[in-house]
Amino acid sequence: MNKMATTDEIVRQYLERMGIEPAGLVIRNYNPEEYKKHYSSLRVYVEGSLDKYKGELQRVLWPIFVHAYLELVSKEYITQATEFFDTFQSDHSTHIKELKSLRVIAHAHHIKENELAQNFLSKKFPVQMTNTAYDIFIDFLQDKSFLLRIVNQHLNIEVGASHTEIGIPGFSSQELEEFNQQEVQLGHMPMDPAMRDEIEKKLNDEDNYRIAQTEAEYQAGTDDQKANGIVYQQPHSLQQEFMEKVKREQSSDAPERASIPLPSYKGSDIHAQVELIKDMSQRIELGPSTTLPSVCFYTFHNTHNSLNCISISEDSSLIAGGFSDSYIKLWSLKGEKLKGFQDFVNLSEINSASDLESKRENPGTDLKKLLGHSGPIFGLSFSPDNKYLVSCSEDRTVRLWSTDTYTNVVCYKGHNSPVWDVDFSPYGFYFATAGHDRTARLWSCDHIYPLRIFAGHLSDVDCVKFHPNSKYVITGSIDKSVRMWDVQRGSCFRIFSGHTGGIYCLAVSPDGRILASGGEDKTIMLWDLGDGKLLKQMIGHTDVIYSLDFSREGTILASGSADNTVRLWDVKKGISDDSFDMDSLSTNKVRSQDSETKPYSYMKSSAPTVIPTKDLMTTLLTKKTPVYKIYFTRRNLCLAAGAYCASTRM
Amino acid sequence: MDKIFPKDTIKNTADSIGITNLKDNAAAALALDAEYRIHEIIQEANKFMRHSKRTKLTGEDINNALRVINVDPLYGFTLNDNFKFQRTLAGQQELLFMDDDEYEFETLITSPMPKLPAEVTYTAHWLAVEGVQPAIPHNPPPPIEDTIPESSRKKAPPNAIVQVPNGVVTGTSDIELKPLVQHVISQELKVFYDKVTKTIKGGDSKMKVSVLYSLQHDTGLAQLLPYFVRFICEQIGQNIKKNTIVESILEMTNALINNTSLRLEPYLHHLVPAILTCVVRKKFGPDPDYHWKIRDSAALVLAKICDRFGMEYNTLQPRVIKTLLSALTDPTKSLSTHYGCIVALGALGREVIKTILVPNLKTYSEILEQRKNVDKNKAERCENAILEILPKLKGSSVPADSDQNSQISDEDLQQRLADKIGVHLAKQIMDKISDNEVIMATLNC
């Protein structure tokens with residue numbers, strides 16, 4: 001209350017200096033264009049403010065927008081009011097209900113009847129701000145009597161109020177809940193019927209071949225074996241496997257094939273699918289009660305802090321590292337030599353595939369260095385068919401590399417700031433990028449310009465991940481929110497807020513229902529994509545989280561962090577058995593307050609002893625190696641990678 | 001808002017580029033703006049640091065940040081990350097500057113090229129096999145608290161268990177109790193422990209010597225100490241009637257006390273009662289004469305304990321003495337117990353003999369006289385023990401009037417002695433101790 005008094009005092013002083021009688025506060029006859037001008041100047045100002053205060057400053061936009069509109073209407077500048085409304089309503093897309101209600105106000109006398117308008121006019125709109133943000137804001141208002149008047153009349157700025165509310169400014173939790181009720185299609189995309197038939201045929205052949213082989217083996221087996229009671233066993237049918245695990249009946253919420261155009265399938269796609277089924281039949285079933293995963297760790301040496309990101313190909317044959325020295329390095333995980341083509345290949349000599357093979361390097365090299373970018377590499381992603389690698393960099397470009405020739409194929413320019421992350425679509429052909437310019441973009445390999453621009457995050461978009469059905473793109477930002485975008489429509493369908501720090505990594509469960517997000521606040525959050533609600537928080541890491549991945553059944557979540565650990569989490573615990581313990585909630589409360597005061601605390605010493613939530617199954621320590629990447633292979637082997645950090649001094 | 005940049009800094013900067021008449025309010029405004037810009041640059045640079053998965057901000061990050069906000073990067077600050085600012089005084093102002101080394105171009109190009117940095121490589125290992133971390137050199141050793149099972153790590157709240165006088169433990173039913181063993185003993189130590197206990201229980205004498213030597217001198221036994229103490233207490237309790245190995249146990253105790261690297265203090269409350277038992281117990285095994293020896297050596301061990309830890313625990317020795325004395329003056333106790341008390345009190349040193357034993361001899365003398373008729377053998381043992389102890393008093397007090405003393409007749413002396421320590425004992429002393437000095441010392445107590 002004390003603060004309030006001083007606020008009024010300050011505002012009054014300014015008003016006096018401005019020559020406006022504070023008692024009267026007469027609405028001067030402003031030119032209707034003024035409204036637009038001043039509102040956009042405020043918008044520009046808020047947009048350009050520091051990330052730290054942006055969220056708080058953003059809160060004043062909505063009430064000022066409403067009051068500006070109401071004033072325009074009350075002065076019968078109807079056309080200008082409509083214009084003003086149309087121009088800026090997109091800023092407040094989350095206030096859908098209120099916008100609809102405001103839209104209908106077209107006359108001064110409407111205002112008196114309209115409940116919402118009366119609400120706004122009768123009460124001062126409460127806005128919470130910290131001291132610093134308030135100082136900045138008042139500083140900005142100093143020579144803007146127009147805005148100052150609205151602020152003074154209609155806003156109730158509570159300075160220094162504790163910020164218990166976390167999340168998107170301008171969204172009340174109720175509005176957010178409503179927003180997240182929009183219908184989404186999370187089912188798997190049905191397979192092309194022709195392709196499915198072909199795969200089934202192929203698998204049938206394969207099954208027959210395997211049965212024949214086992215029978216032959218059995219026949220060849222000695223009598224001893226038969227005497228020992230080794231019974232003939234029918235090999236597991238791949239076709240059956242396919243029916244069980246891949247060929248799902250079209251669920252009600254599956255997207256239509258037509259919604260995401262893909263190039264027609266090729267012979268190699270069929271082959272890849274058959275390989276996938278084979279791998280699936282050898283998959284180890286993982287679960288918190290059955291078997292925990294085995295983790296293979298790749299430690300990178302001599303990186304001198306220059307390794308920025310790591311990616312592992314879908315078939316786990318290649319590992320790629322992006323360096324701050326602008327190059328990408330590719331290694332084979334199979335221990336084979338990598339063979340590119342000779343420097344000069346005379347195309348006229350090439351008549352057949354074997355001719356081409358003969359032009360390959362011999363003996364090849366252990367690693368390939370991909371040169372092309374002119375700035376640090378921040379993101380890498382392999383295409384699902386392992387033929388391409390896409391990389392993004394500080395130099396604002398995204399590049400597509402062939403893992404056959406080890407050369408740059410395409411350079412995509414579109415982002416106008418550094419690009420932080422890139423992810424290939426699970427069906428190939430498309431990829432999504434996230435950048436410093438606060439947008440995420442959708443690209444297809446065959447177009448050098450973006451197909452969609454996803455704009456809405458208040459700050460840098462730090463990570464991007466495709467939904468398994470390729471219909472959605474999920475982005476995480478330093479503005480502490482996670483958003484899900486429809487690829488086709490380019491609009492936002494879900495906003496998840498709850499993190500107390502920037503988001504660094506995302507993972508979607510293979511069934512497409514659960515989203516995991518982790519980042520600066522050392523907490524992993526699980527979200528239900530269907531109803532847009534928080535399922536649970538997983539606490540245990542003592543430093544920022546770099547990477548997340550679900551096991552192929554979606555029962556186990558693995559996380560890699562800067563605290564030099566890989567942790568394995570039970571996904572179901574605390575969700576299905578309703579034993580969501582209050583402990584974790586209370587500890588989290590403590591933690592969130594802590595991170596509020598020290599938002600950028602990286603120092604180990606300041607890390608409080610974290611009491612892990614009960615769903616933490618195992619903590620696997622590495623030797624001074626932060627874990628950059630976690631990846632579950634198709635056979636459910638967990639691969640993890642990181643760069644050894646020799647020096648412990650900060 | 002906290003002001004990081006005072007306007008003086010702005011004025012200094014202005015001075016350095018030739019603007020000398022910068023007004024105060026202009027400087028203040030500039031300071032505010034400079035601070036905002038620096039915040040902005042750091043915010044952007046921080047993003048680059050995070051995406052490079054580093055925890056240390058580098059010059060390169062700052063340059064990338066500058067590029068992002070369309071400012072020319074600062075060249076020449078990215079090669080070396082270890083900048084050291086130095087302080088200097090310019091006039092009244094303190095300034096910070098960086099040391100810029102000067103290089104001779106000639107020497108720079110003629111000097112050999114530095115070695116190429118090692119190529120980036122990777123190694124693979126199993127971080128976990130089915131969720132369990134294998135103990136291979138690639139993995140760090142597990143932290144100690146992780147070897148304790150999850151259940152035992154949680155301490156039951158201190159007030160959850162209420163020890164009721166009748167020995168019934170009440171409390172909530174789901175209390176997780178700590179297991180007794182909280183640390184894991186290495187295989188080597190386990191083998192060593194087995195070897196020691198086996199030898200003490202009955203190994204050959206050669207082996208025993210080396211085991212005792214090891215117990216007395218080895219420095220790495222701290223972990224086993226609680227087990228040894230338990231072993232000693234148990235063995236004394238079980239074997240005191242058979243008394244065959246009690247001597248070995250006492251030797252072992254002695255060795256542990258002598259080992260300077262061990263901290264026995266926390267275990268004294270177990271050890272002392274066990275040793276005291278050896279000193280004052282009424283009956284030992286079948287051999288009628290063997291127990292005297294054990295009482296002797298136990299008394300020595302007891303004295304050693306009091307000697308070594310008496311300083312630290314000043315109640316230790318008084319408590320031991322009190323126990324011994326009450327046993328000695330109790331006529332119902334057996335003479336073998338009395339013998340043990342006498343020996344032990346004697347072993348505790350001259351001061352104890354002087355202030356505790358001798359003043360009580362008068363009462364004891366009567367007990368002894370009565371008992372002598374019943375059990376002459378044992379009573380004589382006690383007498384002899386006293387007679388052996390008394391010479392220790394020699395030289396304690398300088399007789400004030402030695403000339404006078406020498407003139408005292410034997411009868412007179414015996415009379416005075418009898419007053420002091422009882423008729424019976426006085427007679428024995430006069431008979432068996434010829435040294436006048438001992439008698440005088442006894443008298444002077």
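The sequence lines fix the lettering, A, B, ..., with proteins before strands; numbering per chain opens at 1.
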Novice: Determine, for B:Glu119 against A:Lys329, whether the closest basic-nitrogen to carboxylate-oxygen distance falls under 4.0 angstrom.
Specialist: yes
Novice: Just how far is it from atom OG of A:Ser417 to atom CD1 of B:Ile69, taken to the nearest 0.5 Å?
Specialist: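 Here the rounded value is 11.5 Å.
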Novice: Determine, for B:Lys47 against A:Asp462, whether the closest basic-nitrogen to carboxylate-oxygen distance falls under 4.0 angstrom.
Specialist: no
Novice: List the atom of A:Phe300, the atom of B:Val120, and the distance in Å for their closest heavy-atom pair.
Specialist: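 It is CD2-CG1, 4.2 Å.
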Novice: Would you compute the distance between atom OG of A:Ser306 and atom NZ of B:Lys53 and round it to the nearest 0.5 angstrom?
Specialist: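 Those atoms lie 13.0 Å apart.
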Novice: For A:Lys623 and B:Pro140, indicate whether the former's side chain and the latter's backbone hold a donor-acceptor pair under 3.5 Å.
Specialist: no
Novice: Go through the atoms of A:Cys638 and report whether side chain, backbone, both or neither lie under 4.5 Å from a heavy atom of chain B.
Specialist: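 For A:Cys638, neither part sits under 4.5 Å from chain B.
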Novice: Look up atom CG in B:Leu127 and atom CG in A:Leu639, then write down how far apart they are to the nearest 0.5 Å.
Specialist: 11.5 Å
Novice: Inspect the surroundings of CD in B:Glu106 and state if more than 12 heavy atoms from other residues, nucleotides or ligands are less than 6.0 Å away.
Specialist: no
Novice: Can you list the steps and then say if B:Arg50 with A:Ile478 is a side chain to side chain contact (heavy atoms under 4.5 Å, CB included)?
Specialist: CA-CA 11 Å; B:Arg50 292 193 301 107; A:Ile478 200 172; 3.1 Å; yes
Novice: By a 4.5 Å heavy-atom criterion (distance strictly below it), what part of A:Ser324 contacts chain B: side chain, backbone, both, or neither?
Specialist: neither
Novice: Return the option, out of B:Thr123, B:Val129, B:Val132, with the maximum number of heavy-atom pairs under 4.5 Å with chain A.
Specialist: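 Looking at each option in turn, the highest pair count goes to B:Thr123.
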Novice: Hey, what do you get for CG (A:Leu286) to CD (B:Glu130), rounding to the nearest 0.5 Å?
Specialist: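 One finds 9.0 Å between CG of A:Leu286 and CD of B:Glu130.
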Novice: Distance from A:Asn305 atom CG to B:Thr55 atom OG1, nearest 0.5 Å?
Specialist: 7.0 Å
Novice: Determine whether B:His51 and A:Glu394 make a side-chain contact, defined as any pair of heavy atoms from C-beta on separated by less than 4.5 Å.
Specialist: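 With C-beta onward as the side chain, the pair stays apart.
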Novice: Can you tell which part of A:Pro376 gets under 4.5 Å to a heavy atom of chain B, answering side chain, backbone, both or neither?
Specialist: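 Looking at A:Pro376, just its side chain touches chain B.
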Novice: Going by the angle between their ring planes, with limits at 30° and 60°, are B:Phe48 and A:Trp420 parallel, tilted or perpendicular?
Specialist: perpendicular
Novice: Nearest 0.5 Å please: distance from the CG atom of A:Leu367 over to the OH atom of B:Tyr122.
Specialist: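 It comes to 10.0 Å.
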Novice: Would you say that B:Thr121 contacts A:Asn302 through its side chain, given a criterion of any heavy-atom pair below 4.5 Å between the two side chains?
Specialist: yes
Novice: Is the backbone of A:Leu621 close enough, under 3.5 Å, to the side chain of B:Gln133 for a donor and an acceptor to pair up by distance?
Specialist: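 Flag set: sc B:Gln133 to bb A:Leu621 pair under 3.5 Å.
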Novice: Side chain, backbone, both or neither: which part of A:Thr290 has an atom under 4.5 Å from a heavy atom of chain B?
Specialist: neither
Novice: Determine the option with the most heavy-atom pairs under 4.5 angstrom with chain B, choosing from A:Tyr644, A:Phe378, A:Phe323, A:Tyr546.
Specialist: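 Option with the top pair count is A:Tyr546.
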Novice: Are side-chain N/O atoms of B:Glu44 and A:His436 paired as donor and acceptor at under 3.5 Å?
Specialist: yes
Novice: Show the nearest heavy-atom pair for residues B:Ala128 and A:Pro293, with the distance to one decimal.
Specialist: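 Looks like CB-O, 4.4 Å.
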Novice: Over all heavy atoms of both residues, which pair between B:Gly131 and A:Thr618 is shortest? Give the atoms and the distance, please.
Specialist: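 B:Gly131 and A:Thr618 have their closest heavy atoms at O-CG2, 3.4 Å.
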